[in-house]
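Here's the structure we're looking at; comments come further down.
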Amino acid sequence: MISEATQRSINVALQIQDFDRAGVIAETALAGGESHAMIYSLAAFRRQQAGDTRGAVELYLRAAELAPDDPNILAAAGDALRYTGQLQQAVALFDRALAGDPMMIGAWYGRALALDASGAIEDAKRSYRRVAELAPSSAAGFAGLASMQAVLGEVADAHDNAERAQALAPNDSATIMALARCEITSGRHDKSAERLSQLVDRPGVAPMDVVLALGLLGDSLDRMGEFDNAFDTYTRANERFAEIHAGPNAPPVARRLVEAIDEAVSELDPAALSRPVAHVPKEASNHIFLLGYPRSGTTLTEQILATAPGVVTLEESPTLAAGAKYLSADGIIALAEISDEEAARLRADYWARVAAADVHASDHTFVDMDPFKGPALPLIARLFPNAKVIVVRRDPRDVVWSCFRHNFVYSQVAYEFTSLARAARHYSATMRLIQRCIETLPLTSHTLHYEDLVGDFDQATRDLCAFAGLPWSPALRDFGTTARARSVKTASAPQVRGLLFDGSGRWRNYADKLQPVFPMLRRWVRSASPGQRSTVEEKAGSCS
(Lines give C-alpha, C1' and ligand atoms only; values in the text may rest on other atoms or scores of the structure.)
Protein backbone atom coordinates (compact mmCIF):
# COMPACT_ATOMS: atom_id res chain seq x y z
CA MET A 1 0.00 0.00 0.00
CA ILE A 2 0.99 3.61 -0.54
CA SER A 3 -0.64 6.48 1.28
CA GLU A 4 -2.24 9.40 -0.56
CA ALA A 5 0.17 11.80 1.15
CA THR A 6 3.19 9.83 -0.04
CA GLN A 7 1.77 9.60 -3.56
CA ARG A 8 1.17 13.37 -3.71
CA SER A 9 4.64 14.20 -2.39
CA ILE A 10 6.31 11.87 -4.88
CA ASN A 11 4.25 13.27 -7.75
CA VAL A 12 5.34 16.81 -6.90
CA ALA A 13 9.00 15.79 -6.74
CA LEU A 14 8.79 13.95 -10.06
CA GLN A 15 7.04 16.86 -11.77
CA ILE A 16 10.00 19.12 -11.02
CA GLN A 17 12.42 16.25 -11.80
CA ASP A 18 13.83 16.20 -8.27
CA PHE A 19 14.53 12.48 -8.32
CA ASP A 20 16.68 12.55 -5.20
CA ARG A 21 13.80 14.09 -3.27
CA ALA A 22 11.44 11.46 -4.66
CA GLY A 23 13.87 8.79 -3.46
CA VAL A 24 14.05 10.29 0.03
CA ILE A 25 10.25 10.32 0.24
CA ALA A 26 10.17 6.69 -0.93
CA GLU A 27 12.74 5.59 1.65
CA THR A 28 10.80 7.36 4.40
CA ALA A 29 7.62 5.62 3.27
CA LEU A 30 9.31 2.23 3.32
CA ALA A 31 10.67 2.87 6.82
CA GLY A 32 7.11 3.72 7.84
CA GLY A 33 5.79 0.39 6.65
CA GLU A 34 4.37 1.37 3.28
CA SER A 35 4.86 -1.05 0.39
CA HIS A 36 4.42 -0.34 -3.31
CA ALA A 37 6.44 -1.10 -6.44
CA MET A 38 6.91 2.59 -7.21
CA ILE A 39 8.41 3.48 -3.84
CA TYR A 40 10.73 0.47 -3.90
CA SER A 41 11.82 1.49 -7.40
CA LEU A 42 12.43 5.13 -6.45
CA ALA A 43 14.33 4.13 -3.32
CA ALA A 44 16.40 1.72 -5.42
CA PHE A 45 17.21 4.46 -7.93
CA ARG A 46 18.44 6.71 -5.12
CA ARG A 47 20.64 3.92 -3.75
CA GLN A 48 22.02 3.33 -7.22
CA GLN A 49 22.87 7.01 -7.71
CA ALA A 50 24.64 7.00 -4.35
CA GLY A 51 26.82 4.08 -5.46
CA ASP A 52 25.07 1.44 -3.36
CA THR A 53 24.36 -0.87 -6.27
CA ARG A 54 23.90 -3.97 -4.17
CA GLY A 55 21.36 -2.20 -1.99
CA ALA A 56 19.61 -1.02 -5.13
CA VAL A 57 19.41 -4.58 -6.47
CA GLU A 58 17.52 -5.77 -3.40
CA LEU A 59 15.01 -2.95 -3.68
CA TYR A 60 14.55 -3.31 -7.44
CA LEU A 61 13.92 -7.04 -7.09
CA ARG A 62 11.28 -6.34 -4.47
CA ALA A 63 9.69 -3.83 -6.84
CA ALA A 64 9.72 -6.47 -9.58
CA GLU A 65 7.95 -8.92 -7.27
CA LEU A 66 5.19 -6.37 -6.67
CA ALA A 67 4.94 -5.37 -10.34
CA PRO A 68 5.99 -8.49 -12.28
CA ASP A 69 4.67 -7.17 -15.59
CA ASP A 70 6.00 -3.59 -15.46
CA PRO A 71 8.66 -3.33 -18.20
CA ASN A 72 10.26 -0.20 -16.73
CA ILE A 73 10.77 -1.76 -13.32
CA LEU A 74 11.97 -5.05 -14.81
CA ALA A 75 14.50 -3.25 -17.02
CA ALA A 76 15.74 -1.12 -14.13
CA ALA A 77 16.19 -4.26 -12.00
CA GLY A 78 18.02 -5.90 -14.90
CA ASP A 79 20.42 -2.96 -15.13
CA ALA A 80 21.14 -3.13 -11.40
CA LEU A 81 21.86 -6.85 -11.65
CA ARG A 82 24.13 -6.21 -14.63
CA TYR A 83 26.18 -3.71 -12.65
CA THR A 84 26.78 -6.32 -9.95
CA GLY A 85 27.82 -9.02 -12.42
CA GLN A 86 24.65 -11.13 -12.13
CA LEU A 87 24.39 -11.36 -15.89
CA GLN A 88 22.16 -14.38 -16.44
CA GLN A 89 19.58 -13.01 -14.01
CA ALA A 90 19.84 -9.61 -15.69
CA VAL A 91 19.17 -11.06 -19.13
CA ALA A 92 16.16 -12.93 -17.77
CA LEU A 93 14.67 -9.67 -16.44
CA PHE A 94 15.38 -7.83 -19.70
CA ASP A 95 13.61 -10.65 -21.56
CA ARG A 96 10.59 -10.26 -19.28
CA ALA A 97 10.59 -6.51 -19.89
CA LEU A 98 10.74 -7.04 -23.65
CA ALA A 99 7.92 -9.56 -23.50
CA GLY A 100 5.79 -6.69 -22.18
CA ASP A 101 7.23 -4.03 -24.47
CA PRO A 102 9.14 -5.42 -27.48
CA MET A 103 10.04 -1.88 -28.59
CA MET A 104 11.75 -0.89 -25.34
CA ILE A 105 15.15 0.37 -26.47
CA GLY A 106 16.60 0.56 -22.96
CA ALA A 107 15.81 -3.09 -22.31
CA TRP A 108 17.38 -4.16 -25.61
CA TYR A 109 20.49 -2.13 -24.84
CA GLY A 110 20.77 -3.43 -21.28
CA ARG A 111 20.35 -6.95 -22.61
CA ALA A 112 23.09 -6.35 -25.17
CA LEU A 113 25.48 -5.01 -22.53
CA ALA A 114 24.82 -7.98 -20.22
CA LEU A 115 25.36 -10.49 -23.02
CA ASP A 116 28.46 -8.60 -24.17
CA ALA A 117 29.93 -8.73 -20.65
CA SER A 118 29.18 -12.45 -20.34
CA GLY A 119 30.97 -13.24 -23.59
CA ALA A 120 27.82 -14.25 -25.51
CA ILE A 121 29.05 -12.35 -28.54
CA GLU A 122 26.59 -13.56 -31.17
CA ASP A 123 23.60 -12.96 -28.88
CA ALA A 124 24.94 -9.55 -27.91
CA LYS A 125 25.43 -8.68 -31.57
CA ARG A 126 21.78 -9.46 -32.30
CA SER A 127 20.62 -7.26 -29.41
CA TYR A 128 22.88 -4.37 -30.43
CA ARG A 129 21.52 -4.68 -33.97
CA ARG A 130 18.00 -4.38 -32.59
CA VAL A 131 18.99 -1.21 -30.72
CA ALA A 132 20.38 0.22 -33.96
CA GLU A 133 17.14 -0.64 -35.78
CA LEU A 134 14.93 0.93 -33.12
CA ALA A 135 17.14 3.98 -32.55
CA PRO A 136 18.97 4.75 -35.81
CA SER A 137 19.77 8.28 -34.65
CA SER A 138 21.67 6.97 -31.61
CA ALA A 139 25.28 5.79 -31.71
CA ALA A 140 24.89 3.19 -28.96
CA GLY A 141 23.56 0.33 -31.09
CA PHE A 142 26.03 0.90 -33.94
CA ALA A 143 29.00 1.16 -31.57
CA GLY A 144 28.09 -2.06 -29.75
CA LEU A 145 27.41 -3.86 -33.02
CA ALA A 146 30.77 -2.73 -34.39
CA SER A 147 32.60 -3.96 -31.29
CA MET A 148 31.03 -7.42 -31.53
CA GLN A 149 31.77 -7.65 -35.25
CA ALA A 150 35.38 -6.64 -34.63
CA VAL A 151 35.78 -9.38 -32.01
CA LEU A 152 34.28 -11.91 -34.45
CA GLY A 153 36.62 -10.79 -37.22
CA GLU A 154 33.86 -9.30 -39.39
CA VAL A 155 36.17 -6.43 -40.24
CA ALA A 156 34.33 -4.64 -43.07
CA ASP A 157 30.97 -4.62 -41.28
CA ALA A 158 32.63 -3.54 -38.04
CA HIS A 159 34.26 -0.55 -39.74
CA ASP A 160 30.98 0.46 -41.38
CA ASN A 161 29.07 0.45 -38.11
CA ALA A 162 31.88 2.14 -36.18
CA GLU A 163 31.89 4.95 -38.75
CA ARG A 164 28.10 5.31 -38.38
CA ALA A 165 28.52 5.59 -34.63
CA GLN A 166 31.30 8.15 -35.11
CA ALA A 167 29.08 10.27 -37.35
CA LEU A 168 26.39 10.31 -34.65
CA ALA A 169 28.49 10.67 -31.48
CA PRO A 170 32.23 11.03 -32.16
CA ASN A 171 33.15 11.69 -28.52
CA ASP A 172 31.09 8.91 -26.94
CA SER A 173 33.17 6.34 -25.05
CA ALA A 174 31.46 3.39 -26.72
CA THR A 175 32.12 4.89 -30.16
CA ILE A 176 35.79 5.45 -29.40
CA MET A 177 36.24 1.91 -28.08
CA ALA A 178 34.43 0.49 -31.13
CA LEU A 179 36.81 2.36 -33.44
CA ALA A 180 39.77 1.15 -31.37
CA ARG A 181 38.59 -2.47 -31.58
CA CYS A 182 38.38 -2.13 -35.37
CA GLU A 183 41.92 -0.74 -35.46
CA ILE A 184 43.21 -3.56 -33.26
CA THR A 185 41.55 -6.13 -35.52
CA SER A 186 43.13 -4.46 -38.55
CA GLY A 187 46.58 -4.39 -36.94
CA ARG A 188 46.68 -0.60 -36.56
CA HIS A 189 47.76 -0.82 -32.94
CA ASP A 190 49.54 2.53 -32.84
CA LYS A 191 46.33 4.27 -33.96
CA SER A 192 44.17 2.44 -31.41
CA ALA A 193 46.70 3.18 -28.65
CA GLU A 194 46.63 6.89 -29.49
CA ARG A 195 42.82 6.96 -29.51
CA LEU A 196 42.47 5.04 -26.24
CA SER A 197 45.17 7.04 -24.45
CA GLN A 198 43.17 10.19 -25.07
CA LEU A 199 39.98 8.53 -23.80
CA VAL A 200 41.35 7.22 -20.49
CA ASP A 201 42.78 10.63 -19.60
CA ARG A 202 39.65 12.55 -20.51
CA PRO A 203 37.68 14.00 -17.57
CA GLY A 204 34.16 12.76 -16.99
CA VAL A 205 34.50 9.30 -18.55
CA ALA A 206 32.46 6.69 -16.64
CA PRO A 207 34.71 4.64 -14.32
CA MET A 208 33.93 1.27 -15.94
CA ASP A 209 34.49 2.76 -19.39
CA VAL A 210 37.95 3.78 -18.19
CA VAL A 211 38.60 0.21 -17.05
CA LEU A 212 37.50 -1.24 -20.39
CA ALA A 213 39.50 1.34 -22.35
CA LEU A 214 42.62 0.65 -20.28
CA GLY A 215 42.25 -3.06 -21.00
CA LEU A 216 42.05 -2.39 -24.73
CA LEU A 217 44.98 0.01 -24.51
CA GLY A 218 47.01 -2.67 -22.75
CA ASP A 219 46.20 -5.08 -25.57
CA SER A 220 47.33 -2.54 -28.18
CA LEU A 221 50.60 -1.91 -26.38
CA ASP A 222 51.17 -5.64 -25.92
CA ARG A 223 50.79 -6.24 -29.65
CA MET A 224 53.19 -3.38 -30.35
CA GLY A 225 55.80 -5.08 -28.15
CA GLU A 226 55.72 -2.30 -25.54
CA PHE A 227 55.50 -4.79 -22.69
CA ASP A 228 56.49 -2.49 -19.82
CA ASN A 229 53.87 0.07 -20.84
CA ALA A 230 51.32 -2.68 -21.40
CA PHE A 231 51.92 -4.08 -17.91
CA ASP A 232 51.54 -0.64 -16.32
CA THR A 233 48.30 -0.14 -18.26
CA TYR A 234 46.83 -3.50 -17.21
CA THR A 235 47.80 -2.65 -13.64
CA ARG A 236 45.94 0.67 -13.85
CA ALA A 237 42.87 -1.13 -15.21
CA ASN A 238 42.91 -3.59 -12.33
CA GLU A 239 43.42 -0.89 -9.73
CA ARG A 240 40.45 1.06 -11.06
CA PHE A 241 38.35 -2.11 -11.21
CA ALA A 242 39.17 -2.89 -7.58
CA GLU A 243 38.35 0.66 -6.47
CA ILE A 244 34.97 0.56 -8.19
CA HIS A 245 33.83 -2.75 -6.76
CA ALA A 246 35.33 -3.48 -3.36
CA GLY A 247 38.16 -1.09 -2.62
CA PRO A 248 41.89 -1.68 -3.09
CA ASN A 249 42.40 -3.85 0.00
CA ALA A 250 39.31 -6.06 0.18
CA PRO A 251 39.86 -9.38 1.97
CA PRO A 252 40.43 -12.46 -0.23
CA VAL A 253 36.96 -13.89 0.35
CA ALA A 254 37.08 -16.29 -2.61
CA ARG A 255 40.50 -17.70 -1.69
CA ARG A 256 39.59 -18.15 1.97
CA LEU A 257 36.51 -20.13 0.98
CA VAL A 258 38.61 -22.44 -1.20
CA GLU A 259 41.12 -22.89 1.62
CA ALA A 260 38.36 -23.64 4.12
CA ILE A 261 36.87 -26.31 1.83
CA ASP A 262 40.35 -27.77 1.28
CA GLU A 263 41.00 -28.04 5.01
CA ALA A 264 37.61 -29.66 5.60
CA VAL A 265 38.21 -32.20 2.82
CA SER A 266 41.61 -33.05 4.33
CA GLU A 267 39.85 -34.12 7.54
CA LEU A 268 37.02 -35.95 5.80
CA ASP A 269 36.60 -39.71 5.62
CA PRO A 270 36.22 -40.18 1.83
CA ALA A 271 33.95 -43.18 2.41
CA ALA A 272 31.34 -40.79 3.80
CA LEU A 273 30.74 -39.46 0.28
CA SER A 274 30.79 -42.84 -1.41
CA ARG A 275 27.13 -43.78 -1.49
CA PRO A 276 24.81 -44.96 -4.27
CA VAL A 277 22.12 -42.65 -5.60
CA ALA A 278 18.76 -43.23 -7.23
CA HIS A 279 17.99 -42.28 -10.83
CA VAL A 280 16.11 -39.00 -11.24
CA PRO A 281 14.10 -37.67 -14.20
CA LYS A 282 15.92 -35.88 -17.06
CA GLU A 283 19.28 -37.37 -16.04
CA ALA A 284 21.91 -37.79 -18.76
CA SER A 285 23.06 -41.25 -19.76
CA ASN A 286 26.69 -40.05 -19.71
CA HIS A 287 27.51 -37.15 -17.37
CA ILE A 288 30.74 -35.14 -17.48
CA PHE A 289 31.96 -32.21 -15.40
CA LEU A 290 34.58 -30.13 -17.22
CA LEU A 291 36.49 -27.80 -14.91
CA GLY A 292 39.91 -26.40 -14.02
CA TYR A 293 40.56 -22.67 -13.83
CA PRO A 294 39.65 -19.63 -15.95
CA ARG A 295 41.85 -19.18 -19.04
CA SER A 296 43.05 -22.81 -18.86
CA GLY A 297 41.38 -24.14 -22.01
CA THR A 298 38.02 -25.37 -20.71
CA THR A 299 36.07 -23.55 -23.44
CA LEU A 300 38.27 -25.06 -26.15
CA THR A 301 37.78 -28.52 -24.64
CA GLU A 302 34.02 -28.02 -24.44
CA GLN A 303 33.82 -27.12 -28.14
CA ILE A 304 35.84 -30.20 -29.05
CA LEU A 305 33.54 -32.46 -27.03
CA ALA A 306 30.47 -30.72 -28.48
CA THR A 307 31.68 -31.72 -31.95
CA ALA A 308 31.28 -35.40 -31.09
CA PRO A 309 27.88 -36.97 -31.90
CA GLY A 310 25.32 -37.20 -29.13
CA VAL A 311 26.94 -34.55 -26.92
CA VAL A 312 25.12 -31.58 -25.40
CA THR A 313 26.83 -28.98 -23.24
CA LEU A 314 26.10 -26.11 -20.89
CA GLU A 315 28.54 -23.28 -20.17
CA GLU A 316 29.23 -21.74 -16.77
CA SER A 317 25.76 -22.16 -15.34
CA PRO A 318 24.91 -22.36 -11.59
CA THR A 319 23.62 -25.92 -11.90
CA LEU A 320 24.72 -26.78 -8.33
CA ALA A 321 23.19 -23.69 -6.72
CA ALA A 322 20.78 -25.69 -4.54
CA GLY A 323 23.75 -27.34 -2.83
CA ALA A 324 25.82 -24.18 -2.37
CA LYS A 325 25.30 -24.26 1.41
CA TYR A 326 27.43 -27.41 1.55
CA LEU A 327 30.44 -25.67 0.01
CA SER A 328 32.05 -24.31 3.14
CA ALA A 329 34.03 -25.78 6.03
CA ASP A 330 30.90 -26.57 8.04
CA GLY A 331 29.03 -27.48 4.87
CA ILE A 332 31.49 -30.26 3.98
CA ILE A 333 30.88 -31.84 7.38
CA ALA A 334 27.12 -31.63 6.82
CA LEU A 335 27.52 -32.99 3.28
CA ALA A 336 28.97 -36.20 4.63
CA GLU A 337 25.82 -36.69 6.70
CA ILE A 338 23.02 -35.77 4.28
CA SER A 339 20.22 -38.27 3.82
CA ASP A 340 19.51 -40.14 0.63
CA GLU A 341 16.31 -38.09 0.33
CA GLU A 342 18.24 -34.80 0.48
CA ALA A 343 20.73 -36.11 -2.09
CA ALA A 344 17.84 -37.07 -4.39
CA ARG A 345 16.31 -33.61 -3.99
CA LEU A 346 19.59 -31.91 -4.89
CA ARG A 347 20.11 -34.20 -7.88
CA ALA A 348 16.60 -33.50 -9.13
CA ASP A 349 17.16 -29.75 -8.75
CA TYR A 350 20.40 -30.03 -10.73
CA TRP A 351 18.76 -31.76 -13.69
CA ALA A 352 15.79 -29.39 -13.53
CA ARG A 353 18.20 -26.45 -13.88
CA VAL A 354 19.84 -28.13 -16.86
CA ALA A 355 16.45 -28.61 -18.50
CA ALA A 356 15.46 -25.01 -17.71
CA ALA A 357 18.53 -23.91 -19.69
CA ASP A 358 16.94 -25.63 -22.71
CA VAL A 359 19.45 -28.47 -22.64
CA HIS A 360 17.93 -31.92 -23.19
CA ALA A 361 20.39 -34.23 -21.49
CA SER A 362 18.39 -37.48 -21.39
CA ASP A 363 19.91 -40.18 -23.63
CA HIS A 364 22.86 -37.89 -24.39
CA THR A 365 26.34 -37.23 -23.12
CA PHE A 366 25.98 -34.05 -21.09
CA VAL A 367 29.00 -31.83 -20.41
CA ASP A 368 28.69 -29.32 -17.57
CA MET A 369 31.52 -26.90 -18.40
CA ASP A 370 32.51 -24.49 -15.68
CA PRO A 371 36.13 -23.70 -14.77
CA PHE A 372 34.91 -22.43 -11.39
CA LYS A 373 33.41 -25.76 -10.26
CA GLY A 374 36.65 -27.13 -8.77
CA PRO A 375 35.60 -26.19 -5.21
CA ALA A 376 32.33 -28.10 -5.80
CA LEU A 377 34.09 -31.46 -6.26
CA PRO A 378 33.03 -32.75 -2.80
CA LEU A 379 29.40 -32.05 -3.70
CA ILE A 380 29.87 -33.66 -7.11
CA ALA A 381 31.38 -36.75 -5.48
CA ARG A 382 28.37 -37.16 -3.18
CA LEU A 383 25.59 -36.38 -5.67
CA PHE A 384 26.99 -37.78 -8.93
CA PRO A 385 29.11 -40.86 -8.19
CA ASN A 386 28.76 -42.05 -11.79
CA ALA A 387 29.85 -38.77 -13.36
CA LYS A 388 33.23 -38.30 -15.00
CA VAL A 389 35.43 -35.31 -14.17
CA ILE A 390 37.78 -33.73 -16.71
CA VAL A 391 40.31 -31.30 -15.24
CA VAL A 392 41.97 -29.00 -17.77
CA ARG A 393 45.44 -27.82 -16.76
CA ARG A 394 47.68 -25.20 -18.34
CA ASP A 395 51.02 -23.68 -17.41
CA PRO A 396 50.07 -21.57 -14.38
CA ARG A 397 52.25 -18.69 -15.49
CA ASP A 398 50.14 -18.35 -18.63
CA VAL A 399 46.94 -18.77 -16.61
CA VAL A 400 47.76 -16.20 -13.95
CA TRP A 401 49.04 -13.70 -16.50
CA SER A 402 45.94 -14.16 -18.68
CA CYS A 403 43.60 -13.69 -15.72
CA PHE A 404 45.46 -10.55 -14.68
CA ARG A 405 45.29 -8.93 -18.10
CA HIS A 406 41.70 -9.84 -18.94
CA ASN A 407 38.59 -7.76 -18.18
CA PHE A 408 36.23 -10.00 -16.21
CA VAL A 409 32.77 -9.25 -14.93
CA TYR A 410 32.93 -8.52 -11.20
CA SER A 411 32.70 -11.43 -8.80
CA GLN A 412 34.60 -12.35 -5.65
CA VAL A 413 36.82 -14.61 -7.76
CA ALA A 414 37.36 -11.94 -10.44
CA TYR A 415 38.48 -9.53 -7.72
CA GLU A 416 41.35 -11.95 -6.98
CA PHE A 417 42.68 -11.29 -10.48
CA THR A 418 43.32 -7.60 -9.78
CA SER A 419 46.91 -8.27 -8.74
CA LEU A 420 49.39 -10.95 -9.74
CA ALA A 421 49.98 -11.93 -6.13
CA ARG A 422 46.29 -12.36 -5.37
CA ALA A 423 45.74 -14.30 -8.60
CA ALA A 424 48.67 -16.62 -7.90
CA ARG A 425 47.49 -17.31 -4.34
CA HIS A 426 43.94 -18.06 -5.48
CA TYR A 427 45.19 -20.26 -8.31
CA SER A 428 47.45 -22.24 -5.99
CA ALA A 429 44.70 -22.69 -3.40
CA THR A 430 42.29 -23.92 -6.07
CA MET A 431 44.79 -26.38 -7.55
CA ARG A 432 45.57 -27.77 -4.08
CA LEU A 433 41.88 -28.37 -3.46
CA ILE A 434 41.30 -29.98 -6.87
CA GLN A 435 44.31 -32.24 -6.45
CA ARG A 436 43.24 -33.29 -2.96
CA CYS A 437 39.72 -34.07 -4.16
CA ILE A 438 40.93 -36.06 -7.16
CA GLU A 439 43.37 -38.05 -5.01
CA THR A 440 41.12 -38.76 -2.03
CA LEU A 441 37.44 -38.58 -3.00
CA PRO A 442 35.43 -41.16 -4.97
CA LEU A 443 35.80 -39.39 -8.32
CA THR A 444 36.57 -40.75 -11.78
CA SER A 445 38.85 -38.19 -13.38
CA HIS A 446 41.08 -37.40 -16.33
CA THR A 447 43.56 -34.53 -16.54
CA LEU A 448 43.91 -32.85 -19.92
CA HIS A 449 46.94 -30.63 -20.37
CA TYR A 450 46.42 -27.64 -22.64
CA GLU A 451 49.99 -27.85 -23.92
CA ASP A 452 49.42 -31.47 -24.98
CA LEU A 453 46.17 -30.50 -26.69
CA VAL A 454 47.75 -27.81 -28.86
CA GLY A 455 50.94 -29.83 -29.32
CA ASP A 456 49.43 -33.17 -30.40
CA PHE A 457 45.73 -32.60 -30.92
CA ASP A 458 44.87 -36.05 -32.23
CA GLN A 459 46.55 -38.00 -29.44
CA ALA A 460 45.23 -35.71 -26.70
CA THR A 461 41.67 -35.93 -28.04
CA ARG A 462 41.91 -39.71 -28.50
CA ASP A 463 42.78 -40.01 -24.81
CA LEU A 464 40.01 -37.54 -23.94
CA CYS A 465 37.38 -39.45 -25.91
CA ALA A 466 38.48 -42.79 -24.51
CA PHE A 467 37.92 -41.44 -21.00
CA ALA A 468 34.65 -39.71 -21.88
CA GLY A 469 33.20 -42.80 -23.56
CA LEU A 470 32.92 -41.05 -26.92
CA PRO A 471 34.01 -42.15 -30.40
CA TRP A 472 37.03 -40.34 -31.82
CA SER A 473 37.05 -39.15 -35.40
CA PRO A 474 39.03 -36.61 -37.47
CA ALA A 475 35.88 -34.45 -37.43
CA LEU A 476 36.88 -33.28 -33.95
CA ARG A 477 39.52 -31.13 -35.62
CA ASP A 478 36.68 -29.01 -37.00
CA PHE A 479 35.63 -27.74 -33.56
CA GLY A 480 35.76 -24.17 -34.87
CA THR A 481 32.73 -24.83 -37.04
CA THR A 482 30.89 -26.14 -33.98
CA ALA A 483 31.82 -23.01 -32.04
CA ARG A 484 30.72 -20.67 -34.83
CA ALA A 485 27.33 -22.38 -34.93
CA ARG A 486 26.82 -21.97 -31.18
CA SER A 487 26.60 -19.10 -28.73
CA VAL A 488 29.88 -19.38 -26.87
CA LYS A 489 29.54 -17.44 -23.63
CA THR A 490 33.11 -17.14 -22.37
CA ALA A 491 36.02 -14.81 -22.97
CA SER A 492 37.67 -17.45 -25.18
CA ALA A 493 34.95 -17.26 -27.83
CA PRO A 494 37.08 -15.55 -30.52
CA GLN A 495 39.88 -18.13 -30.22
CA VAL A 496 37.72 -21.26 -30.31
CA ARG A 497 35.87 -20.10 -33.44
CA GLY A 498 39.02 -20.34 -35.52
CA LEU A 499 41.83 -22.81 -36.07
CA LEU A 500 43.62 -24.39 -33.12
CA PHE A 501 45.08 -21.49 -31.19
CA ASP A 502 48.28 -22.05 -29.23
CA GLY A 503 48.38 -19.46 -26.46
CA SER A 504 51.20 -21.09 -24.52
CA GLY A 505 54.28 -19.20 -23.39
CA ARG A 506 52.87 -15.68 -23.60
CA TRP A 507 53.92 -15.08 -20.00
CA ARG A 508 57.56 -14.92 -21.12
CA ASN A 509 57.13 -11.34 -22.35
CA TYR A 510 56.36 -10.41 -18.74
CA ALA A 511 58.70 -12.80 -16.93
CA ASP A 512 60.31 -10.01 -14.91
CA LYS A 513 56.89 -8.81 -13.73
CA LEU A 514 55.81 -12.35 -12.82
CA GLN A 515 59.05 -13.15 -10.97
CA PRO A 516 57.62 -12.35 -7.48
CA VAL A 517 54.81 -14.92 -7.87
CA PHE A 518 56.90 -17.76 -9.32
CA PRO A 519 57.49 -19.33 -5.86
CA MET A 520 53.72 -19.65 -5.39
CA LEU A 521 53.36 -21.33 -8.79
CA ARG A 522 56.47 -23.54 -8.79
CA ARG A 523 54.63 -26.68 -7.66
CA TRP A 524 52.10 -26.39 -10.47
CA VAL A 525 54.62 -25.43 -13.17
CA ARG A 526 56.51 -28.66 -12.69
CA SER A 527 53.38 -30.71 -13.30
CA ALA A 528 51.85 -28.47 -15.95
CA SER A 529 52.30 -30.99 -18.75
CA PRO A 530 54.09 -34.37 -18.79
CA GLY A 531 55.19 -33.70 -22.35
CA GLN A 532 56.94 -30.50 -21.26
CA ARG A 533 58.42 -31.69 -17.97
CA SER A 534 62.05 -31.56 -19.10
CA THR A 535 61.62 -28.07 -20.50
CA VAL A 536 59.96 -26.87 -17.31
CA GLU A 537 62.66 -28.38 -15.12
CA GLU A 538 65.34 -26.72 -17.21
CA LYS A 539 63.66 -23.41 -16.40
CA ALA A 540 63.30 -24.19 -12.70
CA GLY A 541 65.74 -21.41 -11.93
CA SER A 542 63.22 -18.89 -13.26
CA CYS A 543 60.77 -20.01 -10.61
CA SER A 544 63.11 -19.78 -7.66
Side-chain angles (χ1 to χ4, degrees), residues 19 36-38 40-42 44-45 47-48 53 56-149 151-152 157 161 164-165 168-169 172 174 178 206 208 314-318 353-359 409-410 485-490 493:
F19 299 109
H36 190 277
M38 182 180 67
Y40 275 106
S41 183
L42 288 170
F45 180 77
R47 294 275 184 94
Q48 199 168 18
T53 309
V57 166
E58 183 178 347
L59 292 168
Y60 273 130
L61 291 178
R62 179 60 180 141
E65 288 177 7
L66 294 172
D69 299 319
D70 187 318
N72 292 311
I73 288 177
L74 292 170
D79 268 326
L81 285 168
R82 179 174 63 80
Y83 284 126
T84 58
Q86 300 175 70
L87 302 177
Q88 288 183 333
Q89 300 94 317
V91 171
L93 285 176
F94 288 127
D95 286 344
R96 285 172 57 190
L98 290 167
D101 183 359
M103 306 295 284
M104 190 176 186
I105 297 169
W108 279 112
Y109 190 58
R111 186 180 194 273
L113 292 172
L115 291 166
D116 185 347
S118 70
I121 300 172
E122 289 284 3
D123 285 347
K125 185 175 79 169
R126 284 189 285 270
S127 289
Y128 281 127
R129 188 183 299 280
R130 188 61 179 139
V131 174
E133 291 169 350
L134 291 172
S137 61
S138 170
F142 296 110
L145 183 57
S147 289
M148 297 302 93
Q149 290 168 330
V151 171
L152 292 169
D157 289 340
N161 284 304
R164 293 185 71 173
L168 291 165
D172 184 76
M208 274 308 300
L314 183 60
E315 296 177 75
E316 298 189 18
S317 183
R353 289 174 185 270
V354 172
D358 201 28
V359 176
V409 176
Y410 174 75
R486 307 172 74 227
S487 179
V488 181
K489 297 180 180 178
T490 73

Checking Y128 against N161: is there a side-chain donor and acceptor pair closer than 3.5 Å? no
Quick check: are there more than 12 heavy atoms from other residues, nucleotides or ligands sitting under 6.0 Å from CD of Q89? yes
Determine whether E122 and L152 satisfy the following criterion, side chain to side chain contact (heavy atoms under 4.5 Å, CB included), listing intermediate values before the conclusion. CA-CA 9 Å; E122 289 284 3; L152 292 169; 3.8 Å; yes
Is any side-chain heavy atom of L61 closer than 4.5 Å to one of L81? yes
Separation between CG of D116 and OG of S118, rounded to the nearest 0.5 Å: 8.0 Å
Scanning both residues in full, the closest heavy-atom pair of A165 with A139 reads O-CB, 3.6 Å
Side chain of W108, backbone of R129: donor and acceptor closer than 3.5 Å? no
Restricting to non-hydrogen atoms, name the atom on A140 and the atom on Y109 that form the minimum distance, rounded to 0.1 Å. CB-CE1, 3.7 Å
Summary of salt bridge (charged side-chain N to carboxylate O under 4.0 Å, His left out) pairs that have at least one residue in residues 59-69, sequence neighbours excluded: R62-E65
On a heavy-atom basis, which atom in L66 and which in A37 lie closest, and how many Å separate them? CD1-N, 3.8 Å
Taking distance alone, no hydrogens or angles, what donor-acceptor pairs closer than 3.5 Å link side-chain atoms of residues 73-80 to residues at least two apart or in another chain?
unit_1	atom_1	unit_2	atom_2	d
D79	OD1	R82	NE	3.3
D79	OD1	R82	NH2	3.1

How close do L59 and A44 get, heavy atom to heavy atom, and via which atoms? CB-CB, 3.5 Å
Residue pair M104, L134: steps toward the side chain to side chain contact (heavy atoms under 4.5 Å, CB included) verdict: CA-CA 9 Å; M104 190 176 186; L134 291 172; over 6 Å; no
Step through the shown structure and confirm whether more than 12 heavy atoms of other residues, nucleotides or ligands are within 6.0 Å of CZ on R130. yes
Salt bridge (charged side-chain N to carboxylate O under 4.0 Å, His left out) pairs, two or more places apart, involving residues 89-109: D95-R111
Can you tell me how far apart CG (L113) and CZ (F94) are? Round to the nearest 0.5 Å. 7.5 Å
Do Q48 and Y60 get their side chains close enough for a donor-acceptor pair, meaning under 3.5 Å? yes
Between A63 and S41, which heavy-atom pair has the shortest distance, and what is it? CB-N, 4.0 Å
Nearest heavy-atom neighbours spanning P318 and Q88: CD-OE1, 3.2 Å
To the closest 0.5 Å, what do you measure between CE (M148) and CG (L145)? 9.0 Å
Please determine whether side chain to side chain contact (heavy atoms under 4.5 Å, CB included) holds for the pair L314 and R353, giving the CA-CA distance in whole Å, both sets of side-chain angles, and the decisive distance to 0.1 Å. CA-CA 11 Å; L314 183 60; R353 289 174 185 270; over 6 Å; no
